[in-house]
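The basis for the numbers below is simple: all heavy atoms, side chains too, and nothing from hydrogens, waters or symmetry mates.
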Amino acid sequence: MEAQVLGTTSKLNPLALPKGTEKLCELCQRRAYLQCTQCRVTFYCDAEHQLADWVGIHERICQLLVPIRTPTLFSLHQDECIETQLKKVELIEICRLVAQSKLSEGKHQEALPAAQSSLRCSIDVHGPSSVQLVPAYLLLAEANMGLGNLGLVAELLSQAEWAVLKSPECGHAVHHRLHRSLGRLHTATGNLEAALFNFANDIYFASEEYGVDSTVTCTGYFLMANVFARQGKMSIACSLYFEVARIWHCHLTKLTETHIQHVQDPDMASEPSYDEAQRVEVDEMLRTMLEFEQNNPKKDSAQIALLAHCLAMLWFLRGDSQKALGFCSTALQASQLIPNHDLTDPIQGLLQLVQSARAEPHPGSD
């Protein structure tokens, strides 16, 4: 994207605009000297911030901003323009999805512009104190958590918490996400008792919203287990890790069975799926628990088989036969250490499927 200098000589010179009409940088709100030449309604203090915003979100919303930020005679004489409000709601959703996608990829710096745009537009649509701002606060907090800006994270979560406290009708899902973020913050700062308190609340509200055996709820179990492990309370941690593995094993088994049926009968209903962000999260959880168990002096072969089988199914569904094969082998070795283990046959069945998939010629091969 090109950058257009608003000043007549240098981008560092004051804008040649009437007093009171200064433009502000989209990212930092300092005085702007550059303008997006495509939408002409977005401004930046320097080329670095312009590029960061373009990569982070602006490329996706450049033209959408034109009708939102261009005053018309109609909008000047109306308290609310319905069409503009609908575009702003669309903008909030696009920014939210982009921020979530970048966070799932670990691109915390790139997620910031989308999260900031989501919050700014949410304030414009819903007002500065609405509970509707909480999702944007949480996205910004997660991005800054990944960047190590814990002080800013605490401020953002404090604002989110205040908005929730002022909204008694706030749903369980919002409470669960807020407490999960607070738990992560306290874990990062070493306040482990506060972390456990918030993860307990996270689990309660997630259970109310999604059910005790939900994959959403079990992430709270995992985060709580990590805290207990840091406290040296290994028996509690192992118990919670087992619950996480059990829930995901049930879920992935159903997905795998449906996938196989769909392959055998393409006319059947589409198989349920999960998004990339969830796949990354569950892969990280399962690998963490598997490594924990493999490094445990008191290795639990049944737990290793369960976790490795989960990972094998996850990567089988993802279409990565090499990773699926590796985890199948790990699972089978662990299950064979236990006489008549009930996972041995399912693991062997998946292993055969993976091997068959690897043996099939790829399109275009000789």
Minimum-distance pair of heavy atoms, taken over all atoms of [X] and [Y]:
X	Y	value
A47	L34	N-CD1, 3.2 Å
S130	A163	O-CB, 3.9 Å
V153	A141	CG2-O, 3.4 Å
Y44	C25	CA-SG, 3.8 Å
L138	A160	CD2-CB, 4.4 Å
A99	L139	CB-CD1, 4.1 Å

For [X], I'd like to know if atom [atom1] has over 12 heavy atoms of other residues, nucleotides or ligands within 6.0 Å.
X	atom1	result
F242	CZ	no
Q231	CD	yes
Q63	CD	yes

Has the side chain of [X] got a donor or acceptor atom that lies under 3.5 Å from a matching backbone atom of [Y]?
X	Y	result
T258	K254	yes
T330	G326	yes
N149	L152	no
S329	L325	yes
T217	G211	yes
T70	P67	no
Q132	S122	no

If you measure from [atom1] on [X] to [atom2] on [Y], what distance do you get to the nearest 0.5 Å?
X	Y	atom1	atom2	result
D202	H179	CG	NE2	8.5 Å
L286	L252	CG	CG	7.0 Å
H49	E26	NE2	CD	11.5 Å
I203	R180	CD1	CZ	8.0 Å
L103	H108	CG	NE2	5.5 Å
R120	Q29	CZ	CD	5.0 Å

Should the pair [X]-[Y] be classified as a salt bridge under the 4.0 Å nitrogen-to-oxygen rule?
X	Y	value
E243	R246	yes
R177	E142	no
E93	R96	yes

Checklist entry - Checking side-chain hydrogen bond (donor to acceptor under 3.5 Å, both in side chains) for the pair E59/Q38: CA distance, chi angles, key distance, verdict? => result CA-CA 10 Å; E59 181 180 15; Q38 294 191 27; over 6 Å; no
Single-linkage hydrophobic cluster [X]~[Y], side-chain heavy atoms < 4.5 angstrom:
X	Y	value
L240	L196	yes
Y221	M224	yes
L332	L350	yes
V134	I92	no
F316	L290	yes

Next on the checklist: I'd like to know whether I61 forms a side-chain contact (heavy atoms from CB on, under 4.5 Å) with C95, so could you lay out the CA-CA distance, the side-chain angles of the two residues, the decisive distance to 0.1 Å, and finally the verdict.
Outcome noted: CA-CA 8 Å; I61 63 173; C95 292; 4.3 Å; yes
Check whether any side-chain heavy atom of [X] sits under 4.5 Å from a side-chain heavy atom of [Y], and report yes or no.
X	Y	result
T256	L317	yes
V280	E105	no
E161	L157	no
I347	H341	no
R287	D283	yes
H175	V164	yes
K88	C121	yes
R230	T187	yes

Next on the checklist: Could you walk me through whether E209 and H176 satisfy the side-chain contact (heavy atoms from CB on, under 4.5 Å) test, starting with their C-alpha distance in whole Å, then the side-chain angles of each, then the deciding distance to 0.1 Å, before giving a yes or no?
Outcome noted: CA-CA 9 Å; E209 182 72 17; H176 125 70; 6.0 Å; no
Item to check | Ring geometry between Y241 and F292 (parallel below 30°, tilted from 30 to 60°, perpendicular above 60°) | outcome: perpendicular
Next on the checklist: For W248 and H251, take the angle between the two ring planes, folded into 0 to 90°, and tell me which bin it lands in: parallel under 30, tilted 30 to 60, perpendicular over 60.
Outcome noted: perpendicular
Next on the checklist: Please determine whether side-chain contact (heavy atoms from CB on, under 4.5 Å) holds for the pair I123 and L133, giving the CA-CA distance in whole Å, both sets of side-chain angles, and the decisive distance to 0.1 Å.
Outcome noted: CA-CA 7 Å; I123 292 172; L133 307 185; 3.8 Å; yes
Item to check | Worked check of side-chain contact (heavy atoms from CB on, under 4.5 Å) between F205 and L178 | outcome: CA-CA 10 Å; F205 287 113; L178 174 60; over 6 Å; no
